[in-house]
Amino acid sequence: MHVSPVALSKVGKQLLRLPVGVTITRQPLKKTLLTNVPLGVKSAVVVSGALGTLAMPVAPCVSLELPLLEKKDSSDEKKGDEKVAKRFVRVSVKDPKDKRHKSMWGTTRRLIENMVTGVSEGFVIPIKLVGVGYRAALEDQKVVLKLGHSHPITVNVPQGVDVNVPAPQRLILRGIDLQVVSQFAANIRKHRPPEPYNQKGVFVGDETIKKKEGKKR
């Protein structure tokens with residue numbers, strides 16, 4: 001009888017490297033300020049770096065190998081360079097055969113990676129307004145948009161997001177939480193999504209849209 005091997009998560013099994021100055025710990029939920037936590041979750045991952053601190057609840061089936069693993073680069077040893085040892089974190093699950101455990105494996109590893117990138121480098125999302133008379137301005141932590149409607153649209157800037165308006169038709173969003181920054185960009189985009197006929201609207205990042213021809217009589 002042939003038994004196929006267990007297919008591991010391609011993302012989850014990869015080691016996560018920690019930059020210098022970034023720390024990661026697993027703490028009880030009572031020590032964090034997280035809300036709307038799913039039932040059964042009793043701990044959270046806390047990642048701290050130069051730009052701030054982020055926390056995320058972690059399912060009981062997911063485990064982290066802490067303290068951190070250390071690996072030495074053989075190429076550095078040959079060169080004789082004295083460098084700080086590379087630090088890694090390994091994410092694993094109790095039962096890789098379980099469908100839910102396997103799905104949480106890669107997801108958790110990717111979310112922790114985004115947290116590490118956020119607290120060490122941050123995220124930047126540019127927004128471009130394309131259209132005649134389209135304008136954006138920042139007033140009292142609110143983004144005021146003129147997108148061809150009969151009235152200006154006001155969008156509150158969420159906590160943890162910095163907004164810069166270098167030009168009337170350009171916005172630059174910065175933050176350490178990718179989910180918060182991306183959701184704020186989506187909230188702005190939804191008021192005038194790009195349309196393919198005149199190629200006007202709110203474009204997020206390097207977003208493009210293929211032009212369509214109108215109906216011909």
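- Cluster annotation: Val155 is connected to Val157 through the hydrophobic network of ILVMFWY side chains, with a link wherever side-chain heavy atoms come within less than 4.5 Å.
- Taken to the nearest 0.5 Å, the OG1 atom of Thr25 stands 10.0 Å off from the CG atom of Leu64.
- With Ser103 contributing its side chain and Arg100 its backbone, the two residues share a donor-acceptor pair below 3.5 Å.
- Between the side chain of Asp95 and the backbone N or O of Lys97 there is at least one donor-acceptor pair closer than 3.5 Å.
- In the displayed structure, Gln199 atom CD is contacted under 6.0 Å by more than 12 heavy atoms of other residues, nucleotides or ligands.
- Criterion: ILVMFWY side-chain heavy atoms under 4.5 Å apart, direct or through other members. Under it, Met56 and Ile24 are part of a common hydrophobic cluster.
- Atom CZ of Arg135 sits in a crowded spot, with more than 12 heavy atoms from other residues, nucleotides or ligands closer than 6.0 Å.
- Two residues are said to be in side-chain contact when any heavy atoms from C-beta on lie closer than 4.5 Å; Leu18 and Val116 meet this criterion.
- Here Lys212 contributes atom NZ and Lys210 contributes atom NZ; the two are 9.5 Å apart, rounded to the nearest 0.5 Å.
- Listed here is the closest heavy atom pair of Leu54 and Met115: O-CE, 3.5 Å.
- In this structure, the side chain of Trp105 does not engage the main chain of Val93 through any donor-acceptor pair within 3.5 Å.
- At a threshold of 4.5 Å between side-chain heavy atoms, the hydrophobic network of Ile, Leu, Val, Met, Phe, Trp and Tyr places Val180 and Val46 in two separate groups.
- Remark: side-chain polar atoms of Gln14 are not paired, donor with acceptor, to backbone N or O of Arg90 under 3.5 angstrom.
- Here the CG-NZ distance, from Leu129 to Lys200, works out to 13.0 Å after rounding to the nearest 0.5 Å.
- Interatomic distance, Cys61 SG to Asp98 CG, rounded to the nearest 0.5 Å: 7.5 Å.
- Between Val124 and Ile172 there is a side-chain heavy-atom pair separated by less than 4.5 Å.
- Heavy-atom minimum distance, Leu34 versus Ala44: CD1-CB, 3.7 Å.
- Atoms OG and CZ, on Ser63 and Arg26 in that order, are 7.0 Å from each other to the nearest 0.5 Å.
- Sparse packing is recorded around NZ of Lys99, with 12 or fewer heavy atoms of other residues, nucleotides or ligands lying under 6.0 Å away.
- Residues Ile125 and Tyr134 share a single hydrophobic cluster, defined by chaining ILVMFWY side chains whose heavy atoms lie under 4.5 Å apart.
- Under a 3.5 Å cut-off, the side chain of Arg109 and the backbone N or O of Leu15 do form a donor-acceptor pair.
- With values rounded to the nearest 0.5 angstrom, Leu145 atom CG is found 6.0 Å from Ile188 atom CD1.
- Minimum heavy-atom separation, Gly175 to Val181: CA-CG2, 3.7 Å.
- In this structure, the side chains of Phe123 and Thr117 come closer than 4.5 Å at one or more pairs of heavy atoms.
- Between Glu207 and Arg189 there is a salt bridge, with a side-chain nitrogen of the basic residue lying less than 4.0 Å from a carboxylate oxygen of the acidic one.
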Q: Take Asn164 and Arg174 through the side-chain contact (heavy atoms from CB on, under 4.5 Å) test and state the conclusion after the steps.
A: CA-CA 8 Å; Asn164 186 22; Arg174 291 185 174 88; 4.2 Å; yes
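- By the criterion of side-chain heavy atoms lying less than 4.5 angstrom apart, applied directly or through intervening Ile, Leu, Val, Met, Phe, Trp or Tyr residues, Val91 is grouped together with Leu16 in one hydrophobic cluster.
- The 12-atom threshold is not exceeded at CZ of Arg170, counting heavy atoms of other residues, nucleotides or ligands nearer than 6.0 Å.
- Heavy atoms only, all atoms of each residue included: Thr108 and Val58 are closest at CG2-CG1, 4.5 Å.
- Considering every non-hydrogen atom in both Glu213 and Tyr197, the closest pair reads O-CE2, 3.7 Å.
- A salt bridge links Arg110 with Glu113: the closest approach of a Lys/Arg side-chain nitrogen to an acidic carboxylate oxygen falls below 4.0 angstrom.
- In this structure, the side chains of Phe203 and Ile127 stay at 4.5 Å or more apart for every pair of heavy atoms.
- Residues Arg87 and Val22 come closest through the heavy atom pair NH2-O, 2.6 Å.
- In this structure a side-chain-to-backbone donor-acceptor pair under 3.5 Å is present from Glu195 to Asn198.
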